[in-house]
Amino acid sequence: MGEKPRHAGMPAGFPAVAGSLDAAPEALATAAEDFGHLISRRPLAVLRPGSAHDVAAAVRWAARHRMPLAARGQGHSVYGRAQVEGGLVVDMSSLGAVRAVEPDRVVVDAGATWQSVLDATLPHRLTPPVLTDYLGLSVGGTISAGGIGGMTFRRGFQSCNVIELEVVTGSGDLVTCSTMRHPELFDAVRAGLGQFGIITRAVLPLVPAPEQIRLHTLTYRDAPTMTADQRRLLTMDGIDYLEGAIRPHSSGWQHVIEVAVGLPGDGGVPAGLSDDRAQAESADMPYLDLFRRLSQLENQLRSTGAWRHPHPWLNSFLPDSTTDAVIVELLRTLDPLELGEYGRILVYPFLPAHARTPLLRLPEEDVAFLVNLVRFPKNNPSLANDLVEANRVVYDRVRAAGGRSYPVSAVALTQADWKDHFGPAWPAVLDAKDRFDPRHLLSPGQEMFPPR
């Protein structure tokens, strides 16, 4: 095929690839931004690989030239985590095929969205065990972060529900790994934030999918009453989906739990709860529609231009024992206007014991809560920067309360912060970095390791 076009600033000799190397201003501008619109780092080029071998060749080339490199899925990072200044961005969306659907598993390229996975599996009445609420995220991206959603309380994180991965290491080796083959790499790349390798393909388990579900929306007078019922629901049988949110309301805050059960079946609201039953709402819908709700919001935000506004989101995990106190303090100090018209505080429980992913750092209690500040503020860069600074205050409060960051947040982290985040796993992180990315070139946007 011959050598691909080069451009000023790129060393000569970029390998011939099945995909394309793009240095057009439009491509660089896109790769310099993400969903957060808070950080901008302009690469020298964008690779759209045509195969995993293209990714491996590009990584080997980058290693020879000591050029930093970052994989980009659907660009949904909120703080420049998949960006790289003066380096190479690998746009994984070009590797987006669903390869095979089998009775118990699906083989999928890492750049595929969860929407495309569901589109392929639901005709067989099958679904991945855990889905994120927004299906526009890439498979490789969420496995690299952890991947949480309304089924996590029963089935763990997406990174826990993986049979096998194909990975390009920071040395450019293309390796297939699992619990039985190269388990050290398997454990490093799941929730490894792209630090140790680039996932190029995944084999995921499948479980039966209900055709219809019934979604109950329950309203509460305050946060402690809401979380108390979430703890009850966590142990009940017959529930397929459990989330909760605190939303700005004309009276201040509205507290709701969403509970979904598969149909056919009883489908009723579980007994023994403390919600305001007069305000309870129930709706029957196809299984897929449960996860399409945020796509509808996306379409609305895109139509108004708000999708491109800053999104200073903060994601965290809190131990059960301190969750209520932290939430009450948040509600006391947080201005609802900071969240914006579509913003909310996500609050829902899960069992850390289900999270069989070594680098996914969670509170050390039997029950933990996801607490996320999902902000859609006005398009004001000064306000966005103020909210990022406010995130740091909340982040420190969460750590003091025994919590952990879900590190896909708009918070600047130093290497000391990362060391604290990983805690006793930090020596394993250091070892994996030296072993699988010896030049420290991968995912510089995390600012976890300086280059070598």
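All values below come from the heavy atoms of this structure, side chains included, with hydrogens, waters and symmetry mates left out.
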Can a donor-acceptor pair be found, under 3.5 Å and without considering hydrogens, that links the side chain of [X] to the backbone of [Y]?
{"X": "Gln158", "Y": "Gly146", "answer": "no"}
{"X": "His311", "Y": "Phe35", "answer": "yes"}
{"X": "Arg392", "Y": "Ala412", "answer": "yes"}

[X] side, atom [atom1]; [Y] side, atom [atom2] - distance, nearest 0.5 Å:
{"X": "Arg201", "Y": "Asp109", "atom1": "CZ", "atom2": "CG", "value": "5.0 Å"}
{"X": "Thr169", "Y": "Arg60", "atom1": "OG1", "atom2": "CZ", "value": "9.5 Å"}
{"X": "Glu298", "Y": "Arg293", "atom1": "CD", "atom2": "CZ", "value": "15.0 Å"}
{"X": "Leu47", "Y": "Ser20", "atom1": "CG", "atom2": "OG", "value": "7.0 Å"}
{"X": "Asn315", "Y": "Phe317", "atom1": "CG", "atom2": "CZ", "value": "7.5 Å"}

Pairwise side-chain contact, Tyr287 with Glu211, heavy-atom cut-off 4.5 Å (strictly under): no

Side-chain touch Ser138/Ser93, heavy atoms, less than 4.5 angstrom: no

Residues Arg214, Asp240: salt bridge by 4.0 Å N-O rule: no

Residues Glu85, Arg42: salt bridge by 4.0 Å N-O rule: no

Side chain to side chain contact (heavy atoms under 4.5 Å, CB included) between Arg72 and Val90, intermediate numbers included: CA-CA 6 Å; Arg72 173 189 173 97; Val90 182; over 6 Å; no

Enclosure of Asn299 CG (heavy-atom neighbours >12, cutoff 6.0 Å): yes

Cation-aromatic face contact Arg397/Tyr395, 6.0 Å, 45 degrees: no

